[in-house]
Amino acid sequence: MPPREIEDEGRERRSYVIGLVLALVLTTGAFAVVGLNLLSGGAALAGLGLLALIQAVVHLRYFLHIDLQRSHRDDLLLILFTVLILLIMVSGTIWILYDQHVRMMP
Amino acid sequence: MSLSERLHPGLNLAGTDPEGHEAAEETLFGFWIFLMSDLVLFAVLFATYAAMSVQGIAEGPRPAEVFDLTAAFVETLLLLFSSFAFGLAMLEMKYRENRRGVLVWLLLTGLLGAAFVGMELHDYYVMITQHAAPPQASGFLSAYYLLTGTHALHVSSGLVWMVIMAVQVALIGFTTPVKLRLMRLALFWHMLDVVWIGIFTFVYLYGVAS
Amino acid sequence: MNWELIFGQIKWTSFVFAGMIENPSLSEAIASGAGSIAVLGALATVILLTVKGWWVPLWRDWLTSVDHKKVGIMYIAIALVMFARAVIEAALMRAQQLAATEGAGFLSADHFGQLFSTHGTIMIFFVAMPFITGLMNYVMPLQIGARDVSFPLLNAISLMLTMAGAILIMVSLVVGQFSTGGWSAYPPFTGIDFSPGEGVDYWIWAVSLGSIGSTLTGLNLAVTIYKKRCPGMSLFRMPLFTWTTLCTSILMIFAMAPLTAATVMLALDRYAGFHFFTNGDGGNMMNYANLFWLFGHPEVYILILPAFGVWSEVVATFSSKRIYGYTSLVYATMCIAVLSFAVWLHHFFTMGQSANVNAIFGIATMIIGVPTGVKVYDWLLTMVGGRIRFSTPMLYHINFLLTFILGGMTGVLLANPGVDFQVHNTLFLVAHFHNMIIPGVLFGMFAAVQFWFPKVFGFRLHEGLGRASFWCFAPGFLLAFFPLYWLGMMGATRRTYMWSNPDYVPWLALAMLGAGLILAGFALMVTQIVVSVRQRAQLAAPLGDPWDGRALEWSIPSPPPAWNFAVLPNVSSQDPFYEAKKAGIAYRSPAAYEDIEVPRNTATAPLIGLFACAWAFGLVWHIWWLAIASFVLIWVVVIARSFATDTEETIPAATVKAANEAFLAAARATPGVTRDREMTSDNKGRAHPEALEGRAGTIASGTAVEAL
Ligand code: HEM
Ligand SMILES: [Cu+2]
């Protein structure tokens with residue numbers, strides 16, 4: 001293999017390893033939060049949600065190689081647009097159903 | 001630098017296989033879009049679960065009564081390592097086009113994935129037999145089984161796909177179409193891991209914490 | 001022998017004719033009649049194909065084709081066939097409602113329920129969707145200078161899945177009953193407790209097949225537009241129809257998933273006793289409405305946006321003017337596409353959420369009116385100062401502007417939750433959405449057929465009959481639906497098979513008259529096509545540009561060759577073909593030709609469609625062996641295909657060159673026809689550009705080599 005390729009491979013392998021390590025840390029952290037009863041209720045939701053968000057970004061960055069480079073914009077834009085639609089759908093659904101639920105309480 | 005000439009998500013072939021790299025752009029973009037639409041499907045399942053796990057308990061058990069966090073943790077690790085192993089398979093393909101190397105990593109990926117599915121089935125079995133929590137018991141459980149089951153089905157079809165790719169690697173070798181298929185499967189596999197982050201966080205962990 | 005193992009729940013009484021034998025009535029006779037028409041129609045087709053020896057060409061040139069043009073044509077053929085059924089059902093419903101004041105009319109309640117359910121389901125999923133999909137498939141690649149879509153085989157598979165769904169609905173005419181739950185199939189009525197039997201299952205699987213097909217189409221067309229534009233075709237040089245295709249495709253990618261989720265949940269409730277939408281046990285039927293309209297509202301924009309694209313092309317071409325406000329039209333389209341995801345709750349204002357929730361979605365809904373208004377002004381201003389030709393597509397366009405605005409205003413009325421509480425579930429709503437869909441989408445597609453027909457088949461449609469059909473459709477629509485606004489305000493509920501209020505009768509009679517006119521319009525349209533085929537020699541326009549067109553599709557022969565463009569064009573402006581004509585550089589020979597690779601035909605797609613249809617049929621009737629076997633077979637076909645290697649064929653440069661040079665020579669040799677002779681047999685498809693009015697017509701053909 002030409003030296004440039006060896007270098008490239010090293011870099012790409014490192015990306016997967018970094019991803020794995022970060023993901024392990026974040027996952028363990030999330031399970032620890034619940035296992036050790038560090039947070040509960042709304043705080044748990046926020047804390048766990050934050051950890052999950054970070055971990056999702058880690059996966060996208062290190063396993064799926066999504067980054068902020070120009071040539072990569074279409075994919076990033078697409079995922080941001082998807083996130084927007086997801087947020088509308090998920091938050092809207094939860095809001096509507098919760099509101100109806102509250103109004104149906106006896 | 002060749003690595004920066006990225007044309008699509010996932011591992012790019014830039015640097016080692018310029019022709020395959022060009023060919024990959026359109027195909028992988030298409031598959032990426034498919035994954036986005038799949039994400040929307042999962043999103044509405046999540047939203048439904050979010051509502052039903054609170055409002056749809058009825059006479060059935062609550063989330064905290066039926067979930068086993070240890071199992072969820074092990075499943076998470078299995079899937080994570082499986083994702084990682086697939087990454088290494090892809091490196092092997094990209095830099096060495098080494099059939100044996102790729103097949104070994106694929107085998108490892110597949111075994112970890114199969115173990116994941118097996119554990120989930122075991123979870124279901126325990127829930128149904130020991131907690132009287134089949135999907136028919138309540139709206140919450142219906143939503144739980146649909147969400148995790150859809151994910152498990154995705155993983156299982158990924159496994160079938162992996163078997164086929166292993167056959168193609170062995171029989172056909174690394175032609176451009178085979179490479180592009182492996183790259184798509186890699187995207188699929190990594191994305192399923194992303195979806196699982198949502199499941200272990202909001203279904204299992206938050207389900208037990210709240 | 002356990003027959004249920006083999007035939008599932010099908011019994012001899014499942015066949016529609018059994019109902020006629022068991023308890024004869026007019027309602028059953030009509031059902032049997034419809035069943036017979038379906039059977040006889042299928043039989044007649046089989047006989048025709050056999051007698052004419054068309055089986056082989058049908059299979060070889062059409063069903064196995066992956067050419068986007070043929071796929072597009074087949075989509076539109078499905079749409080027209082299904083339209084014939086659904087429009088007849090509509091007329092039947094009108095007749096029933098007219099006949100059923102203080103009496104039972106001639107249809108049973110159940111039969112009426114099936115009619116509005118099939119009518120709605122077919123019109124949305126198997127008329128409007130295939131129509132726009134076919135059109136986008138045909139026209140968009142030609143407009144961006146591409147040889148095909150990004151994934152031609154996937155495209156054929158989408159088509160076959162849609163066709164499988166359509167066939168399933170046709171089968172429901174003969175075997176068993178269809179759902180009576182309307183096109184939206186709300187549970188708990190459609191749950192297993194209140195709708196046992198196969199009806200709802202037919203709805204579920206037909207719709208699911210169509211919805212998967214549409215998701216794949218959206219993906220395919222979006223990638224095509226992103227990655228396959230010809231050199232120089234930047235996003236902001238794309239024709240507006242291509243823009244609307246892009247936005248519609250994106251909507252398809254994101255909006256079909258909630259529908260799939262909803263149908264899957266409904267199916268799990270029905271087949272496996274889950275509790276997503278049931279009464280009790282933690283089910284929540286309101287989530288169904290939520291999920292359905294998460295899809296349903298974007299869906300109406302999926303339908304209307306391509307029609308908006310058609311209107312933009314039509315108005316610019318027949319006003320002989322560049323479209324007014326191109327950029328604003330693009331941004332308006334984008335705004336509509338994004339906003340359409342944020343308004344779904346207006347379909348269930350009355351479901352009990354608090355006033356604040358309603359208010360927010362109501363306001364969001366009204367906001368969508370703004371970009372739509374921008375579009376209307378742009379179209380109007382395009383006409384200002386143009387040289388308008390009142391040909392059939394333009395008539396449809398003007399009719400669209402006049403009636404669509406009224407429909408839009410009733411939409412803004414309905415967006416106000418207070419008003420909606422009054423007229424929800426009445427014929428007012430039925431009037432509103434037909435008011436948007438018929439002049440907007442349906443007539444948009446009819447205009448598109450008139451406009452692009454010569455491109456597709458190489459001859460124009462008979463203009464006189466086209467106008468005649470328009471003059472039945474347009475007033476027919478007004479008569480059929482404007483009375484419904486009134487009826488709605490008088491309190492007439494929708495989906496109602498008999499009335500007790502005699503005051504309705506005059507309005508219902510007017511509506512019946514309108515439905516009759518619509519039927520006449522359709523008959524004239526069919527006649528127009530038949531007559532045009534007969535007179536294709538006089539109407540021929542093989543040189544490709546009968547209307548003095550603007551975008552790239554008009555620069556190639558009609559019908560286009562399999563490879564579309566002999567040499568990929570190089571674009572440097574909007575309206576590239578029009579600009580080329582203006583500059584006198586159209587129809588020049590390219591400097592060199594190259595071999596062209598095109599995908600080979602394959603049986604993959606029709607096989608998948610066949611097995612998908614069998615799979616769905618098996619599920620509907622609980623014929624488990626059939627469902628399992630066909631499901632496995634679908635994937636066997638997919639996997640087998642992935643081992644195929646020889647999937648492309650090469651068309652040698654010499655073949656391309658011969659064909660293209662012959663076309664170019666003919667085009668250069670033919671004198672351009674001026675617009676006032678557009679509808680005469682002088683029009684061979686070589687336009688004398690309006691832009692050159694007063695200048696020398698034909699180009700000197702000697703030095704015609706374009707430097708590439
Ligand atoms: C061309 C002439 C048409 C006529 C005369 C017509 C007539 C009708 C009638 C009488 C109903 C039942 C109203 C009721 O509930 O009482 C109906 C419902 C409906 N129509 Fe049409 N229609 C036409 C075209 C279309 C088109 C082009 C579409 C869509 C592309 C469409 C979509 C629907 C839908 C979705 C429903 C609601 C079905 C339900 O209640 O679930 N119709 N139409
Ligand atoms: Cu809406």
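The sequence lines fix the lettering, A, B, ..., with proteins before strands; numbering per chain opens at 1. As a basis for the values below, the full set of heavy atoms in this structure was taken, side chains included, without hydrogen atoms, waters or symmetry mates.
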Does a sphere of radius 6.0 Å around [atom1] in [X] hold more than 12 heavy atoms from other residues, nucleotides or ligands, not counting ones at 6.0 Å or beyond?
X        : atom1 : result
B/Glu22  : CD    : no
C/Glu648 : CD    : yes
B/Arg62  : CZ    : no
C/Glu594 : CD    : no
B/Arg100 : CZ    : no

Identify the two heavy atoms, one from [X] and one from [Y], that lie closest to each other, and give their separation to 0.1 Å.
X        : Y        : answer
C/Ser642 : B/Gln168 : OG-NE2, 2.9 Å
B/Gln55  : C/Asn284 : OE1-ND2, 3.9 Å
C/Gly282 : B/Ala58  : N-CB, 3.5 Å
B/Ser37  : C/Ala257 : O-CB, 3.8 Å

Please flag which part of C/Leu268 lies under 4.5 Å from any non-hydrogen atom of chain B: side chain, backbone, both or neither.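 Side chain of C/Leu268 only, per the 4.5 Å heavy-atom cut-off to chain B.
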Tell me, with the steps shown, if C/Met256 and B/Val40 meet side chain to side chain contact (heavy atoms under 4.5 Å, CB included). CA-CA 9 Å; C/Met256 305 314 288; B/Val40 178; over 6 Å; no
Say you draw a straight line from [atom1] of [X] to [atom2] of [Y]; how long is it, rounded to the nearest 0.5 Å?
X        : Y        : atom1 : atom2 : answer
B/Leu41  : C/Leu259 : CG    : CG    : 11.0 Å
C/Leu291 : B/Thr48  : CG    : OG1   : 4.5 Å
B/Glu25  : C/Ser150 : CD    : OG    : 10.0 Å
B/Glu26  : C/Lys228 : CD    : NZ    : 3.5 Å
B/Ile33  : C/Tyr226 : CD1   : OH    : 7.5 Å
B/Phe29  : C/Leu219 : CZ    : CG    : 9.0 Å

Do B/Leu146 and C/Phe276 make a side-chain contact, defined as non-hydrogen atoms from C-beta onward lying under 4.5 Å apart?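 The answer is yes, as the side chains (C-beta and beyond) meet within the 4.5 Å cut-off.
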Are C/Val264 and B/Thr150 side-chain neighbours, meaning at least one heavy-atom pair lies under 4.5 Å?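 SC-SC contact between C/Val264 and B/Thr150 ruled out.
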Residue, of [options], that accumulates the most heavy atom pairs under 4.5 Å with chain C:
options                      : result
B/Gly139, B/Ser142, B/Ala143 : B/Ser142
B/Pro134, B/Pro177, B/Ser138 : B/Ser138
B/Ile172, B/Ile57, B/Thr27   : B/Thr27
B/Ala51, B/Gly56, B/Ala47    : B/Gly56

What part of B/Val178 lies closer than 4.5 angstrom to a heavy atom of chain C: side chain, backbone, both or neither?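 Contact with chain C involves no heavy atom of B/Val178 at all.
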